[in-house]
Amino acid sequence: MKLSAACVVAVDVGSVRTGSFAWAAVGMPGHTLTAHGDDPAGAAGALSAALTDGASAVLALEAPMSVPVPGDWKLLGKGRTGEGNRAWSASAGAGALATGLAQGAWLLAEVARALPGLAATTQVPRWRGAADGGAPLLLVEAFVSGEGKPVPTALGPHAADAEAAARAVAARLAGEDGTDGTDMTCAPQRAFSLLAAQARWAGLAVAGDELALDVLVVRARPAG
């Protein structure tokens with residue numbers, strides 16, 4: 001798999017009914033904006049088109065997509081390492097998680113319907129080995145808030161968030177942002193991967209161990 005043939009589609013999770021949903025696609029390398037929209041069907045179509053053309057692709061959902069499951073019940077709901085004061089279980093995070101769970105499952109089911117037998121992964125090494133029998137679709141979590149919030153474009157704040165997330169993920173995977181690995185982790189608690197669960201529900205081929213593996217979380221940082 002060559003990163004020069006990769007497409008990153010990022011989704012700003014939100015209400016479809018009220019227009020709070022948006023997506024953006026960027027190519028690698030160069031991170032050029034190639035497509036954007038405000039409907040889930042467009043996001044699924046962009047992913048399917050990239051994969052049909054033989055490229056590898058990345059879906060980044062801006063919502064908590066892995067949660068820690070501790071052995072000690074007194075730690076239930078505790079934030080992930082790296083979240084700071086924005087725990088996944090707080091009101092904003094919990095709302096995004098619920099919405100993202102349904103929207104991500106729908107998107108992945110559409111991709112699975114278009115490309116029967118497609119393999120997906122939440123683990124970057126398995127994605128990078130796609131040419132050797134790995135998975136061509138990588139699933140990650142994006143986090144855009146606070147200082148990482150972009151200046152809203154003419155397309156609106158949700159589209160701006162989606163584009164910022166796509167660019168941040170592309171930069172991380174290309175090793176261009178000076179950060180190695182993930183910005184958040186469930187460790188030392190056991191991880192429950194909602195991304196892997198969604199993918200398996202949708203009918204994509206996902207390794208069973210990924211249900212309990214941390215996912216890549218990329219936080220968008222201030223421009224400049």
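Residue numbers run from 1 in the order of the sequence given. Side chains included, hydrogens not; waters and symmetry mates left out as well; all remaining heavy atoms used.
The hydrophobic clustering, which links ILVMFWY residues whose side-chain heavy atoms are closer than 4.5 Å, places Val69 and Met65 together. At a threshold of 4.5 Å between side-chain heavy atoms, the hydrophobic network of Ile, Leu, Val, Met, Phe, Trp and Tyr places Leu107 and Leu216 in two separate groups. Met184 and Val144 fall into different hydrophobic clusters, where Ile, Leu, Val, Met, Phe, Trp and Tyr side chains are chained together by heavy-atom contacts under 4.5 Å. Val8 and Leu137 fall into different hydrophobic clusters, where Ile, Leu, Val, Met, Phe, Trp and Tyr residues are linked whenever their side-chain heavy atoms come under 4.5 Å apart, directly or through other members. By the criterion of side-chain heavy atoms lying less than 4.5 angstrom apart, applied directly or through intervening Ile, Leu, Val, Met, Phe, Trp or Tyr residues, Val13 is grouped together with Leu47 in one hydrophobic cluster.
Remark: the backbone N or O of Arg219 is paired with a side-chain donor or acceptor of Asp183 at under 3.5 angstrom. Thr32 contributes no side-chain N or O that, together with a main-chain N or O of Thr34, makes up a donor-acceptor pair within less than 3.5 Å. Under the 3.5 Å distance criterion, the side-chain polar atoms of Thr81 are matched with a main-chain donor or acceptor of Ala187. Put simply, the side chain of Trp23 gets close to the backbone of Asp39: a donor and an acceptor are under 3.5 Å apart. Listed for the Glu163 side chain is no donor-acceptor partner under 3.5 Å among the backbone atoms of Ala24. Between the Ser20 side chain and the Gly14 main chain, no donor and acceptor come within less than 3.5 Å of each other. Under a 3.5 Å cut-off, the side chain of Trp88 and the backbone N or O of Ala94 do not form any donor-acceptor pair.
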Between Val140 and Leu173, does the side-chain contact (heavy atoms from CB on, under 4.5 Å) criterion hold? Intermediate values first, please. CA-CA 11 Å; Val140 306; Leu173 292 173; 5.7 Å; no

Show your reasoning for whether side-chain contact (heavy atoms from CB on, under 4.5 Å) applies to Asp38 and His158. CA-CA 9 Å; Asp38 58 6; His158 302 295; over 6 Å; no

side-chain contact (heavy atoms from CB on, under 4.5 Å) assessment of Leu97 paired with Val67: CA-CA 10 Å; Leu97 185 155; Val67 297; 3.8 Å; yes

Check against salt bridge (Lys or Arg N to Asp or Glu O under 4.0 Å), Arg80 and Asp214: CA-CA 11 Å; Arg80 298 176 292 183; Asp214 264 307; over 6 Å; no

Let me see the working for Val9 and Val58 under side-chain contact (heavy atoms from CB on, under 4.5 Å), right down to the final yes or no. CA-CA 6 Å; Val9 176; Val58 183; over 6 Å; no

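Annotation: side chain of Leu118 is in contact with side chain of Pro136 (closest heavy-atom distance under 4.5 Å).
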In a table with atom names and distances, give each donor-acceptor pair under 3.5 Å that connects a side chain of residues 188-202 to protein atoms at least two apart or in another chain.
| from | atom 1 | to | atom 2 | distance (Å) |
| --- | --- | --- | --- | --- |
| Ser193 | OG | Ala196 | N | 3.0 |
| Gln198 | OE1 | Ala105 | N | 3.1 |
| Gln198 | NE2 | Leu194 | O | 3.0 |

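Gln123 and Leu213 make their closest contact through NE2-CB, 3.6 Å (heavy atoms, listed as atom of the first residue, atom of the second, distance). What you find for Ala96 and Ala63 is that their closest heavy atoms are O-CB, 3.4 Å. The two residues Trp127 and Ala57 make their nearest non-hydrogen contact at NE1-O, 3.3 Å. Of all the heavy atoms in Gly77 and Ser89, the pair that sits closest is O-OG, 2.5 Å.
A salt bridge links Glu110 with Arg113: at least one charged nitrogen is closer than 4.0 Å to a carboxylate oxygen.
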